[in-house]
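A, B, ... follow the sequence lines: proteins, then strands. Residue 1 opens every chain.
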Amino acid sequence: MEWIHIADFLKDIEPLHQEFYDQPTLELAKALLGCLLIKETKEGIAAGYIVETEAYIGPGDRAAHSYQNRRTKRTEIMFHRSGLAYTYVMHTHCLFNVVSGGEEKPEAVLVRALEPAFGIELMKIRRGIEELTKLTNGPGKLTKSMGISMEDYSRALTSPPLYIAKGICTESISAGKRIGINNSGEARDYLWRFWVTNNKYVSKQQKT
DNA sequence: TGATAGATTGTCT
DNA sequence: GACAATCTATCAG
């Protein structure tokens, strides 16, 4: 049944090209809102519209893993070309980022929330819950729903099984302080978090 | 509905 | 051995 819908769904889907990822990180963070994030696995396809992102600009951003160009096994991928996937394990969860900035510029955009678009049944099974709004409204939740893991580390986002495609137009974008970073000095107050205004799938906090 | 504490695993000092 | 770009359960109101 659903495979018919899959063909129909993918008919007009084209992965975004390299040029898309070459724009400045803050621009990319906003441009990603409304885009479709798609993951193909043996179990099926899951997709969601990106509704919340955060920018991390390495060298001068104390909240970023790559602050002051700190280059380790974990942050290595941030020094590579833009358009790659940077997955990172936090406690028991996995977080998904898009590398940006280009070679030797350790910048990235964290995807914080999605609006479920396709493969919703699969997402519900993977999360073990029914409520749509709780399926992907958080960085750790969306990776579980989509089936994204450390196996996707360093994967290019320009082709299957994991890629991003042009989605819908977003009417309004809001900006605010990033979440979950504490003693980061000045960086704590940067308005580097972006979300689709009034979208109910955005992770908690904030209204306007 | 809102705030708080605990879980739990990889990475770095 | 300490800490982290989080989630969830639980308790208070």
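- Remark: the A:S174 side chain and the A:T197 side chain contain an N/O donor-acceptor pair separated by less than 3.5 Å.
- DNA chain C is contacted by A:G138, A:P139, A:G140, A:K141 of residues 137-149 of chain A, taking any non-hydrogen atom closer than 4.0 Å.
- Dashed line: the shortest gap from a side-chain N or O of A:R62 to OP1 or OP2 of C:dA4 is not under 4.0 Å.
- A donor atom on one side chain and an acceptor atom on the other are found under 3.5 Å apart for A:S82 and A:D22.
- Looking at A:N137, its side chain never comes within 3.5 Å of a backbone N or O of A:Y201 through a donor-acceptor pair.
- Listed by chain and residue number, nothing satisfies the side-chain hydrogen bond (donor to acceptor under 3.5 Å, both in side chains) test with A:K144 (two or more places apart in sequence, or in another chain).
- When heavy atoms are screened at a 4.0 angstrom cut-off, A:Y86 is found touching base atoms of the nucleic acid.
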Side-chain donor/acceptor pairs under 3.5 Å, residues 164-171 of chain A, sequence neighbours excluded:
none

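- Residue A:R127 places at least one side-chain N or O closer than 4.0 Å to OP1 or OP2 of C:dT8.
- With sequence neighbours excluded, no residue satisfies side-chain hydrogen bond (donor to acceptor under 3.5 Å, both in side chains) with A:Y49.
- Nucleotide B:dT9 holds its P atom 17 Å from the CZ atom of A:R74, rounded to whole Å.
- For the residue pair A:E54/A:Y56, the side-chain donor-acceptor check at 3.5 Å is satisfied.
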Provide a list of protein-nucleic acid N or O atom pairs under 3.5 angstrom, restricted to nucleotides 4-7 of chain B.
from  : atom 1 : to    : atom 2 : distance (Å)
B:dA7 : N6     : A:H91 : NE2    : 3.4

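- Remark: ring of A:Y56 overlaps the six-membered base ring of C:dA5 in a stacked fashion, centroids less than 5.5 Å apart, planes less than 30° apart.
- Evaluation of atom-type donor-acceptor distances gives no pair under 3.5 Å for the side chain of A:H65 against the base of C:dA4.
- Atom NZ of A:K105 has 12 or fewer neighbouring heavy atoms from other residues, nucleotides or ligands inside a 6.0 Å radius.
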Legend entry - Bracket notation of DNA chain C in which parentheses pair within the strand, [ ] cross earlier pairs, and | pairs with another strand (Watson-Crick or G-U, under 3.5 Å): ||||.|||||||.

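- Scanning residues 103-115 of chain A for heavy-atom distances under 4.0 Å to DNA chain C yields A:L110, A:R112.
- In terms of the side-chain contact (heavy atoms from CB on, under 4.5 Å) criterion, residue partners of A:S154 (sequence neighbours excluded) are, by chain and number, A:I77.
- Partners of A:T87 by side-chain contact (heavy atoms from CB on, under 4.5 Å), not counting sequence neighbours, listed by chain and number: A:C94, A:F96, A:I148, A:M150, A:D152, A:Y153.
- A:E43 is linked by a salt bridge (Lys or Arg N to Asp or Glu O under 4.0 Å) to A:R126, counting only residues two or more places apart in sequence or in another chain.
- For the salt bridge (Lys or Arg N to Asp or Glu O under 4.0 Å) test, no residue two or more places apart in sequence or in another chain qualifies with A:R127.
- Residue A:L95 has its side chain nearest to C:dT6 when only C:dA4, C:dT6, B:dC12 are considered.
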Using distance only, find each side-chain donor-acceptor pair of residues 107-117 of chain A under 3.5 Å and give its atom names and separation, not counting sequence neighbours.
from   : atom 1 : to     : atom 2 : distance (Å)
A:E107 : OE1    : A:T25  : OG1    : 2.4
A:R112 : NE     : A:E52  : OE2    : 3.1
A:E115 : OE1    : A:N199 : ND2    : 3.0

